[in-house]
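Since the structure comes first, as structure tokens, the remarks are kept for the end.
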2 protein chains.
Amino acid sequence: MAEATIRDVARQAAVSVASVSRALNGLANVHPDTRARVLAAAKDLGYVPHAGARSLSLARTHAIGVVLPDLHGEFFSELVRGLDREASARGYHLLLSNMHDKGDHAAQALRTMHGRVDGLVIMAPHIDPAVIAAMLPARLPTVTINTPSGPGGNALRVDNRAGAEAMAHHLVALGRKRIVHIAGPEGNSDAQERLEGFRAALPSDVELQVLPGDFSQASGEQATEALLKAGDAFDAIFAANDMMALGALQALRGAGVAVPQEVAVGGFDDVPLARYLSLTTIRVHMTEIGSRAAARLIDALEVRGAEPLHELITPALIVRATTVTE
Amino acid sequence: MAEATIRDVARQAAVSVASVSRALNGLANVHPDTRARVLAAAKDLGYVPHAGARSLSLARTHAIGVVLPDLHGEFFSELVRGLDREASARGYHLLLSNMHDKGDHAAQALRTMHGRVDGLVIMAPHIDPAVIAAMLPARLPTVTINTPSGPGGNALRVDNRAGAEAMAHHLVALGRKRIVHIAGPEGNSDAQERLEGFRAALPSDVELQVLPGDFSQASGEQATEALLKAGDAFDAIFAANDMMALGALQALRGAGVAVPQEVAVGGFDDVPLARYLSLTTIRVHMTEIGSRAAARLIDALEVRGAEPLHELITPALIVRATTVTE
DNA sequence: GACGCCCATGTAACCGGTTACGTATCCGCT
DNA sequence: AGCGGATACGTAACCGGTTACATGGGCGTC
């Protein structure tokens, strides 16, 4: 026996499908007796409405698509948790889609979202916004997170510049003069903004050296080892994200360099690990960003005339033991 | 203008919808010229097939539902990453649904999965399997992860007992005689199995004291502080998960107790943090479990006659600095 | 030239819901 | 009694695809 459909329920209750639909959805204009019969029949048959069919006729799926890069652990879960919290509170599901490879696969995945979701939350700091726009199914409400974009859509962005500035001021206030920045991947807009904001906030008497990195812990470690080997003097490291900062810490510890006395270290993101390892960093509250993104999207879906909005979220400097002694 | 439908494409290409469908899905029996006209029309109109409608007529959604407890960060992302890796490699999407409150809400969420997904992956170590079975939409292929269940469905389980035994043997081999176990939440089957396995593997000359906990770091810290305050002698702590072990470490460090010299500490899970903090633990490779769960489910969906299978995954003991000195 | 077959294509039913619209019934009113 | 209107309900179209079946044209064969 297959799953019961609304027609089975109608037959069992000896009414029409229309009445079943009305009764089950709590519409008015249904006689109490009829409603009772329908409810009884539905329970009897173990009837569960077919969400797919429902979406088709309502043109409403109550699902939102989430498109993320294959990002590293901590971030991912925090963001998704935030999205899920808001979405499920408002009766929406989350349909996940990681954009691993940038190739056709991603575009393909996006296309298959059409008709499955009511809107999209996209986070893609590593992809050209024009490319994204081209891939999007037309006319699907979208909220972008940390994506460099022209005005037009809904967007949530972390104020990377402000965060980097705060870090710069902090290090400068500590009297550091020869600072090293370990940068993120080249095409990544977060990485670029952090570097630019940092550089712009340093006074002219501070020396800045920039090393390449890729956001991985290993790259932070390698950059730092290379730095130590080169023998240049430096008294602070600001890594473009926490994982690289942790790599740097490891390299420094390995070389017997005292942190923060000889070298202060700062990161960006405030991943959970940072707290445990007492890393000074810039807190980006991903859970909250997730909730806000979902909230904004759902508003756009449900509230008529909700207009596109760009929101810039200012992250906070969190001072810990890698820059100051207790 | 609304989104183009298959009928729009048909009109534009001056063919029937059937031909459009056939051409677009690469079926045989379509004249090359026709196919070309259809493709051109589709591109011209920016046609994207409506996945919802497609699923309805095919009775196939190519989505799998993922139902998780509101678990703590690390776990979550690892598991989902594994699920996603396998699912997207095989052309499936993931529909997330966290079971926050145990109440009606969860059942509700499950019902709305009907018609949205082809199958379910459920992880619910904290819920009575009978309750889950009752909530499930009938006849939806399901893989359970770490869920105490009778035989019948597909199931993946971590061999908690074997892991706990390995930890017991390790601590005993180190000569520890007065061991404290900080347990997980009461109704949680993982927690129970870990305790039972651990207890069963201890020789009779070892003393075991069990303290309550709830898997949170704070509970591990509190339990340990209480223990220290009570003044009982002990030389090892085995916490039912890593987060509590970390809490214990913090409490011990705060009290100036030397780890591992005075007290050895072990956890369970091998969350990323554990590696950083050099915690001896039992590695549960969640990413792999996720991939396997997805693979098994998709097999069940696509391969005829794939029979239900229970798989027990043996976790590995990872020895680090909280139990042995280098 | 007629027959039969194959190939390309169109028509329409179907998946499982929702809902506009039409109709029958019952009520109260004058 | 007859009329108007509200109320409950059924019929059938529709959402956007897929596909069983019917149809018609082209071609080879006897």
Side-chain angles (χ1 to χ4, degrees), chain A residues 1-38 41-42 45-62 111-118 137-140, chain B residues 1-38 41-42 45-62 111-118 137-140:
Chain A
M1 129 191 155
E3 290 286 339
T5 74
I6 195 172
R7 293 176 221 267
D8 297 325
V9 177
R11 194 173 316 124
Q12 168 108 354
V15 295
S16 73
V17 293
S19 292
V20 175
S21 178
R22 284 188 282 252
L24 260 33
N25 290 314
L27 297 203
N29 284 358
V30 186
H31 192 91
D33 293 356
T34 306
R35 189 184 303 273
R37 278 220 311 289
V38 168
L45 296 172
Y47 171 70
V48 178
H50 189 287
R54 195 151 202 272
S55 331
L56 183 57
S57 69
L58 291 179
R60 217 70 203 319
T61 64
H62 279 267
R111 307 213 102 75
T112 71
M113 289 255 178
H114 172 63
R116 274 177 156 32
V117 300
D118 293 335
R139 246 170 309 299
L140 198 54
Chain B
M1 127 191 156
E3 291 286 339
T5 73
I6 195 172
R7 292 175 222 269
D8 297 325
V9 177
R11 195 173 315 124
Q12 168 108 355
V15 295
S16 73
V17 293
S19 292
V20 174
S21 179
R22 285 188 282 252
L24 260 34
N25 290 314
L27 297 204
N29 284 357
V30 186
H31 192 91
D33 292 356
T34 306
R35 188 184 304 273
R37 278 219 311 289
V38 168
L45 295 172
Y47 171 69
V48 178
H50 189 287
R54 195 149 203 273
S55 331
L56 184 56
S57 71
L58 291 179
R60 217 69 203 317
T61 64
H62 278 269
R111 308 213 102 75
T112 70
M113 288 256 177
H114 173 62
R116 274 178 168 5
V117 299
D118 293 335
R139 246 171 309 297
L140 199 54

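Chain letters run A, B, ... following the sequence lines, proteins first, then strands; residues in each count from 1. Hydrogens, waters and symmetry mates play no part in the numbers below; they use all other heavy atoms, side chains included.
- Atom CG of Leu27(A) and atom C1' of dG17(C) are 13 Å apart (whole Å).
- Counting non-hydrogen atoms under 4.0 angstrom, Ala18(A) reaches a base of the nucleic acid.
- The distance between atom CG of Leu24(B) and atom P of dT19(D), rounded to the nearest whole Å, is 13 Å.
- In this entry the distance linking CG of Leu58(A) with C1' of dC14(D) reads 12 Å, nearest Å.
- Checking Ser57(A) against Ser19(A), the closest nucleotide of DNA chain D that is more toward the 5' end is the one next to Ser19(A).
- Contacts of Val17(B) with the nucleic acid, taken as non-hydrogen atoms under 4.0 Å apart, include base atoms.
- With dG10(C), dT19(D), dT18(C) as the candidates, the nucleotide lying closest to the side chain of Ser16(B) is dG10(C).
- The minimum heavy-atom distance between His50(A) and His114(B), with the atom names listed, is CA-CD2, 3.7 Å.
- Checking Arg7(A) against Arg35(B), the closest nucleotide of DNA chain C that is more toward the 5' end is the one next to Arg35(B).
- Of all the heavy atoms in Arg35(B) and Ala23(B), the pair that sits closest is NH1-O, 3.1 Å.
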Test log, rule side-chain contact (heavy atoms from CB on, under 4.5 Å), inputs Val17(B) and Thr5(B): CA-CA 10 Å; Val17(B) 293; Thr5(B) 73; over 6 Å; no

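- Regarding Ile6(A), its CD1 atom lies at a distance of 14 Å from the P atom of dT11(D), rounded to whole Å.
- Distance check, rounded to the nearest 0.5 Å: CZ of Arg37(B) to CG of Asp33(B) gives 7.5 Å.
- One atom, NE2 of His62(A), and another, C1' of dG17(C), lie 14 Å apart when rounded to the nearest Å.
- The CZ-P distance, from Arg60(B) to dG16(C), rounds to 15 Å in whole Å.
- For the pair Asn25(B) CG and dA20(D) P, the computed distance is 13 Å after rounding to whole Å.
- For Arg54(B) against dG16(D), a side-chain-to-base donor-acceptor contact under 3.5 Å is absent.
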Dump the intermediate steps for side-chain contact (heavy atoms from CB on, under 4.5 Å) on His31(A) and Ser19(A), then the final yes or no. CA-CA 9 Å; His31(A) 192 91; Ser19(A) 292; over 6 Å; no

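- Rounding to the nearest 0.5 Å places CG of Asp118(A) at 8.0 Å from CG of Leu140(A).
- Ranking dA20(D), dG17(C), dA20(C) by closeness to the Arg22(B) side chain, first place goes to dA20(D).
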Polar pairs (N or O, both sides) under 3.5 Å between protein and nucleotides 4-8 of chain C?
| from | atom 1 | to | atom 2 | distance (Å) |
| --- | --- | --- | --- | --- |
| dA8(C) | OP2 | Asn29(B) | OD1 | 3.2 |

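- The distance from the CZ atom of Arg54(B) to the CZ atom of Arg60(B) is 11.0 Å, given to the nearest 0.5 Å.
- Atom CZ of Arg116(A) is separated from atom C1' of dG16(D) by 14 Å (rounded to the nearest Å).
- Of the side-chain N and O atoms in Thr5(A), none sit less than 4.0 angstrom from OP1 or OP2 of dG16(C).
- Base contact: Leu56(A) has a heavy atom under 4.0 Å from a base atom.
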